[in-house]
> 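For reference, the structure I am asking about is given below.
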Amino acid sequence: MRYDVLIFDLDDTLFDFGMTEKNALHNLFMEYGLPNGVKDYLPSYKAISKVLWEDLEQGRTTLANIKVERFKQLFLEQALDIDAEVFGHKYIENLGKEVHMIEGVEEMLSNLAGCRFAVLTNGFTIAQHARIGESSLKDLFEVIITSEEAGYQKPQPEIFEYVLDKLKVIDKSRVLMIGDSLSSDIQGGNNFGIDTCWFNPHVKKNTTAIHPTFEIQTWDQLVEIVRKQVQYR
């Protein structure tokens, strides 16, 4: 078995989404005259957002709804008189300006030259394309697929079918899905019948019934898996 088609999640896999989110929100709160906005509201925002993204994975909401609903709930909870729709659109624009790559990503992709690379993300198309386009990775991916474009989201198997159709790949045994989310990336790959690699740099305990083919903490381990098919569990 040889993996030569590598599908990567984006946020908290290739890019640091925590930093992206914090900076994008801070700059927007500053625009609204709330310099302490991140300090005052980020924990509440993250709790609201987490539930909505989980709802997206389970098909209970849509990406378009998340864009506005997370801020509508936050502003209601915090008694802020701000238009959630306008704020939500501006936030997506701000996300696209933030490029914070996780350490080791460039070297890892360079060491895997010869493989085919794709990105598969549940994020917003405009923001994700803008971030990659402003990074040193902009010419490395054959396709960059968002759930907004595909009409499906991870962990639905249809979005993986969509990616492989774009790549014109039929043999699933050649494909490895790499991501940080067990419920999205790993469950999605499992649902579709491709091997998966859980990127777990903080060594979180897996308390779910979701089992990745591989688990890694460093990008060197992925390189070794692809080159030698060594399993890390």
Side-chain angles (χ1 to χ4, degrees), residues 3 6-26 38-39 41-58 66 70 95 98-112 115 117-124 127-128 131-132 135-137 140-141 146-147 153-155 160 176-191 194-233:
Y3 303 118
L6 307 182
I7 303 175
F8 291 93
D9 172 51
L10 190 63
D11 290 321
D12 289 327
T13 299
L14 300 180
F15 287 174
D16 182 338
F17 186 70
M19 182 68 72
T20 298
E21 176 183 63
K22 185 176 180 179
N23 285 4
L25 281 172
H26 172 72
V38 166
K39 178 183 176 182
Y41 310 127
L42 184 59
S44 294
Y45 169 78
K46 288 174 75 73
I48 292 167
S49 187
K50 182 176 185 293
V51 172
L52 288 171
W53 282 102
E54 289 172 352
D55 285 347
L56 180 73
E57 290 178 10
Q58 298 302 317
I66 287 177
R70 53 190 173 184
L95 284 178
E98 298 291 331
V99 180
H100 306 280
M101 203 178 311
I102 287 177
E103 185 178 356
V105 165
E106 287 180 281
E107 183 179 2
M108 174 269 293
L109 293 173
S110 177
N111 286 335
L112 292 175
C115 291
F117 303 136
V119 165
L120 178 58
T121 169
N122 279 352
F124 294 90
Q128 305 300 58
R131 292 163 68 206
I132 294 172
S135 77
S136 59
L137 310 183
L140 297 183
F141 302 107
T146 67
S147 58
Q153 62 275 336
K154 298 176 289 183
F160 292 87
L176 184 66
M177 174 70 209
I178 305 106
D180 70 294
S181 171
L182 287 168
S183 60
S184 175
D185 305 312
I186 306 308
Q187 185 64 68
N190 290 351
N191 289 345
I194 58 176
D195 285 354
T196 57
C197 180
W198 182 30
F199 178 57
N200 184 23
H202 303 298
V203 198
K204 298 176 183 177
K205 186 175 181 180
N206 183 357
T207 59
T208 75
I210 302 167
H211 300 293
T213 312
F214 307 100
E215 177 183 335
I216 62 171
Q217 283 75 53
T218 69
W219 290 120
D220 288 342
Q221 291 173 317
L222 177 64
V223 172
E224 194 167 355
I225 286 169
V226 174
R227 286 180 172 176
K228 301 180 180 179
Q229 304 300 292
V230 176
Q231 295 195 20
Y232 290 85
R233 295 187 184 275

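Each residue takes its place number in the sequence, starting with 1.
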> Give the C-alpha distance, both sets of side-chain angles, the deciding distance and a yes or no for side-chain contact (heavy atoms from CB on, under 4.5 Å) between E106 and L137.
CA-CA 7 Å; E106 287 180 281; L137 310 183; 4.0 Å; yes

> Applying salt bridge (charged side-chain N to carboxylate O under 4.0 Å, His left out), name anything that partners E57, two or more places apart in sequence or on another chain.
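Per chain and number, E57 pairs via salt bridge (charged side-chain N to carboxylate O under 4.0 Å, His left out) with no residue.
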
> How close do N122 and W53 get, counting heavy atoms only, and between which atoms?
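Taking every non-hydrogen atom into account, O-CZ3, 3.4 Å.
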
> List the residues meeting salt bridge (charged side-chain N to carboxylate O under 4.0 Å, His left out) with D16, not counting sequence neighbours, and say none if there are none.
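In terms of salt bridge (charged side-chain N to carboxylate O under 4.0 Å, His left out), with neighbours along the sequence ignored, D16 is linked to no residue.
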
> Using every non-hydrogen atom in the two residues, find where G189 and T196 come nearest and quote the distance to one decimal.
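So the minimum-distance heavy-atom pair works out to CA-CG2, 3.7 Å.
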
> Between CG of D55 and CD1 of I66, what distance do you get to the nearest 0.5 Å?
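So the CG of D55 and the CD1 of I66 are separated by 7.5 Å.
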
> What pairs with K39 under salt bridge (charged side-chain N to carboxylate O under 4.0 Å, His left out), at least two apart in sequence or on another chain?
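With sequence neighbours excluded, K39 shows a salt bridge (charged side-chain N to carboxylate O under 4.0 Å, His left out) to no residue whatsoever.
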
> Using 0.5 Å steps for rounding, measure from the CG atom of L10 to the OG1 atom of T146.
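L10 CG to T146 OG1: 10.5 Å, rounded to 0.5 Å.
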
> When rounded to the nearest 0.5 angstrom, what distance separates CG in D12 from NE2 in H202?
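These two atoms lie 7.5 Å from each other.
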
> Has W198 got a side-chain atom pairing as donor or acceptor with D180's backbone, closer than 3.5 angstrom?
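At least one qualifying donor-acceptor pair exists.
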
> If you compare all heavy atoms of P212 against all heavy atoms of N206, which two are closest, and at what distance to 0.1 Å?
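Residues P212 and N206, closest heavy atoms: CD-ND2, 4.1 Å.
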
> Are any non-hydrogen side-chain atoms of D9 and S184 less than 4.5 angstrom apart?
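No, their side chains stay 4.5 Å or more apart.
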
> Would you say Q58's side chain and E54's backbone share a donor-acceptor pair under 3.5 angstrom?
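Such a contact is absent between Q58 side chain and E54 backbone.
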
> Do you know which two heavy atoms are closest between N190 and I210, and how far apart they sit?
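Taking N190 first and I210 second, the nearest heavy atoms are ND2-CG2, 3.9 Å.
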
> Please name all residues satisfying salt bridge (charged side-chain N to carboxylate O under 4.0 Å, His left out) with R70, sequence neighbours left out, ordered by chain then number.
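Applying salt bridge (charged side-chain N to carboxylate O under 4.0 Å, His left out) to R70 gives none.
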
> Verify side-chain contact (heavy atoms from CB on, under 4.5 Å) between N111 and R227, making sure each step is shown before the conclusion.
CA-CA 10 Å; N111 286 335; R227 286 180 172 176; 3.9 Å; yes

> How far does CE of M177 sit from CG of L120, to the nearest 0.5 angstrom?
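If we round to the nearest 0.5 Å, M177:CE and L120:CG are 5.0 Å apart.
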
> Is the shortest side-chain heavy-atom distance between K46 and L25 below 4.5 Å?
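The answer is no; the side chains never approach within 4.5 Å.
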
> Are any non-hydrogen side-chain atoms of E21 and D11 less than 4.5 angstrom apart?
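A side-chain contact under 4.5 Å is absent here.
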
> Flag yes if more than 12 heavy atoms outside E107 fall under 6.0 Å of its CD atom; otherwise flag no.
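Open: at most 12 neighbouring heavy atoms sit under 6.0 Å from CD of E107.
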
> For residues V105 and F8, determine if any side-chain heavy atom of one lies less than 4.5 Å from a side-chain heavy atom of the other.
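No, too far: nothing below the 4.5 Å cut-off.
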
> Does some side-chain heavy atom of S181 sit less than 4.5 Å from a side-chain heavy atom of K154?
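A side-chain contact under 4.5 Å is absent here.
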
> Between L112 and F117, is there a side-chain heavy-atom distance shorter than 4.5 Å?
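Yes - at least one pair of side-chain heavy atoms lies under 4.5 Å apart.
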
> Holding to ring-ring contact (aromatic ring centres under 6.0 Å, His included), I want the full list of residues that pass it with W219, two or more places apart in sequence or in another chain.
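Partners of W219 by the ring-ring contact (aromatic ring centres under 6.0 Å, His included) criterion, ordered by chain and then number, come out as F199.
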
> If you measure from OG1 on T208 to CG on L182, what distance do you get to the nearest 0.5 Å?
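Those atoms lie 5.0 Å apart.
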
> Considering non-hydrogen atoms only, spot the tightest contact between L222 and C197 and give its length.
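Smallest heavy-atom distance, with atoms named: CD1-SG, 4.1 Å.
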
> List the atom of I178, the atom of T13, and the distance in Å for their closest heavy-atom pair.
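Heavy-atom minimum between the residues: O-CG2, 4.0 Å.
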
> Supply the atom-to-atom distance F17 CZ to K22 NZ, rounded to the nearest 0.5 angstrom.
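NZ of K22 is found 14.0 Å from CZ of F17.
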
> Tell me yes or no: between the side chains of N200 and E215, is some donor less than 3.5 Å from an acceptor?
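E215 and N200 do have a side-chain donor-acceptor pair below 3.5 Å.
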
> How would you list, by chain and number, every residue that makes a ring-ring contact (aromatic ring centres under 6.0 Å, His included) with Y41, sequence neighbours excluded?
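In terms of ring-ring contact (aromatic ring centres under 6.0 Å, His included), with neighbours along the sequence ignored, Y41 is linked to F29.
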
> Distance alone, cut at 3.5 Å: any donor-acceptor contact between the side chains of Q128 and T121?
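Yes.
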
